[in-house]
Amino acid sequence: FTRCNIEYDPDFECTGGSSNPSDRHCPYQLNPNSTEDTMGLPVSGWDGRILHVNMPSYRDPLCPRTLKYLFTKAARPFDIRVRVLQQNVDGEDPPCLEKYCEMMAELRKETGGGDTSKGGPLGNNGSSNESDVLENCPHKNQIFIHPIPAQEAAGPTYARGLLGQDIRTAYEEGHMSPQDFCMSTDSHMDFEPHWDDKMVDMWDLAKNEMAVLSTYVTNIDQLGTNLHGVHEVPHLCMVIFTSQVRTHATKCATNLPKPKLTNAVWGAGLSFSKCHAELKVPVDPHTPGIFDGEEFNRAARFWTYGYDIYTPHRVYVLHDYPGSQHN
């Protein structure tokens, strides 16, 4: 990322630089003394909520590893639900759930016990039988696999659109609240320890019920590092015009005190919000074959539904760019 030399003024988001009080338009903020819904949930935090993760996977051998990292590095792994759109060729590509369970069984052997969520003992922990490995797999019942043949794949918006329909179904069946948290990401990711708590805390800092945190996340070689000795994060601020509008690349932002209001630019690699955003603004499933334009489409639709897009001020979810591009 290019280095940043412009000082960030959080108050500029509300004033646009104007000294006229009537020009002040801040994000939509709930009354901190109120509750958000009839469930009586507090305004901040995620007590009483579930984190739902949407993850499209196209013939991706890194999908099982992503599930392993997602659960073993979470602070509250039992409060996470993952939906994977698995687009595989049967007999050629590793099934995401089964291989994840094998990895967790191997981790159980390596650790010799401990927390179930970290691969510790569960049921017949000494067995290597395939059915036992799957039956005793930590968090297996929190992972929903939506399989379609890879030959029927039709691009990223089609895949994310199918996951959006699964989210809608979960809501209609009472398995999800609009006040839960939803995250959309890719199938070749890694995570900072306690990434789930940190993402919720970061969303809270926006103080905006309509906030969507989104950017192109950094590469996994920056896991656990503080780049250049400052808190440097990728900041989406560029588009190029092809046959559509394509989100181009990131600049950077450093030492942000909170997520930075951006709007109009959204990245598919990471999107974090309350689940009402996914329910009100589902991914357009009627755009087969679209790559350029996917992200601008979502940004424009979020905006017109009243949502605000923010650059995350810290990096807790990371992308395996080399690994995903070499297969």
Side-chain angles (χ1 to χ4, degrees), residues 52-67 81-100 143-172 176 182-189 212 214-217 236 239-249 265-273 275 277-305 309 319-321 323-327:
H52 301 264
V53 180
N54 281 355
M55 202 168 74
S57 173
Y58 179 79
R59 308 194 65 183
D60 190 354
L62 301 180
C63 179
R65 189 188 72 178
T66 299
L67 288 179
R81 305 292 181 268
V82 184
R83 293 171 179 82
V84 179
L85 185 74
Q86 179 174 274
Q87 303 163 102
N88 276 1
V89 175
D90 286 342
E92 294 186 23
D93 302 319
C96 191
L97 177 60
E98 288 82 350
K99 289 298 180 183
Y100 155 78
I143 301 168
F144 170 72
I145 303 294
H146 181 158
I148 67 170
Q151 296 88 337
E152 296 179 11
T157 58
Y158 178 74
R160 297 185 199 281
L162 290 178
L163 286 171
Q165 292 173 18
D166 293 334
I167 284 282
R168 168 61 62 176
T169 299
Y171 168 68
E172 291 173 348
M176 164 189 287
C182 279
M183 184 174 85
S184 176
T185 190
D186 293 328
S187 56
H188 29 264
M189 313 300 284
V212 179
S214 185
T215 190
Y216 287 166
V217 296
L236 284 171
V239 299
I240 56 174
F241 294 91
T242 59
S243 59
Q244 306 289 336
V245 183
R246 178 173 179 173
T247 304
H248 177 46
V265 191
W266 176 87
L270 176 67
S271 182
F272 189 95
S273 64
C275 286
E278 292 290 336
L279 293 167
K280 289 182 180 179
V281 194
V283 175
D284 182 356
H286 305 293
T287 48
I290 291 294
F291 185 78
D292 285 13
E294 171 201 4
E295 293 168 322
F296 188 77
N297 174 305
R298 196 88 194 278
R301 295 171 66 241
F302 270 137
W303 169 253
T304 54
Y305 273 82
I309 301 170
H319 192 288
D320 188 346
Y321 290 99
S324 64
Q325 293 167 357
H326 290 169
N327 62 64

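Heads up: numbering here begins at 1 and tracks the sequence.
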Supply the atom-to-atom distance L67 CG to L97 CG, rounded to the nearest 0.5 angstrom. 7.5 Å
What is the distance from atom CE of M183 to atom NE2 of H52, rounded to the nearest 0.5 Å? 12.5 Å
Between CG of L62 and SG of C96, what distance do you get to the nearest 0.5 Å? 10.0 Å
What is the minimum heavy-atom distance between E98 and P95, and which atoms define it? OE1-CB, 3.1 Å
Does G267 offer a backbone N or O that forms a donor-acceptor pair with the side chain of S214 under 3.5 Å? yes
Taking the side chain as C-beta and beyond, is there a heavy-atom pair between L162 and P285 under 4.5 Å? no
Got a donor-acceptor contact below 3.5 angstrom from the S57 side chain to the L85 backbone? no
Indicate the atoms forming the closest heavy-atom contact of R160 with T185, along with that distance. NH1-O, 3.9 Å
So, does N88 use its side chain to make a donor-acceptor pair with the main chain of P94 at under 3.5 Å? yes
Donor-acceptor contact present, side-chain E295 to main-chain A268, <3.5 Å: yes
How long is the straight-line distance from CD of E152 back to CD of Q87, given to the nearest 0.5 Å? 10.0 Å
Which heavy atom of G269 sits nearest a heavy atom of D186, and at what distance? CA-OD2, 3.7 Å
Enumerate the residue pairs fulfilling salt bridge (charged side-chain N to carboxylate O under 4.0 Å, His left out) with a member in residues 278-287, sequence neighbours excluded, ordered by first and then second residue. E278-R298
Residues passing the ring pair (Phe, Tyr, Trp, His ring centres under 6.0 Å) test with H188, sequence neighbours excluded, are H319
State, to 0.1 Å, how close Y100 and I143 come at their nearest heavy-atom pair, and which atoms those are. CE2-CD1, 3.6 Å
Hey, does C275 have a side-chain heavy atom less than 4.5 Å from the side chain of I167? no
D320 CG to T66 OG1 distance, which is reported to the nearest 0.5 Å: 8.0 Å
Take atom CZ of F144 as the centre, draw a 6.0 Å sphere, and report whether it contains more than 12 heavy atoms from other residues, nucleotides or ligands. yes
Using a 3.5 Å distance criterion without hydrogens, assess whether the side chain of S187 forms a donor-acceptor pair with backbone atoms of D60. no
Here the gap from C63 atom SG to M55 atom CE, rounded to the nearest 0.5 Å, amounts to 4.0 Å
Please examine the side chains of R301 and P282, heavy atoms only from C-beta on, and report whether any two atoms are closer than 4.5 Å. yes
I'd like to know whether N54 forms a side chain to side chain contact (heavy atoms under 4.5 Å, CB included) with C182, so could you lay out the CA-CA distance, the side-chain angles of the two residues, the decisive distance to 0.1 Å, and finally the verdict. CA-CA 8 Å; N54 281 355; C182 279; over 6 Å; no
Begin from the C-alpha positions of L236 and Y216 and carry the test side chain to side chain contact (heavy atoms under 4.5 Å, CB included) through to its verdict. CA-CA 7 Å; L236 284 171; Y216 287 166; 3.6 Å; yes
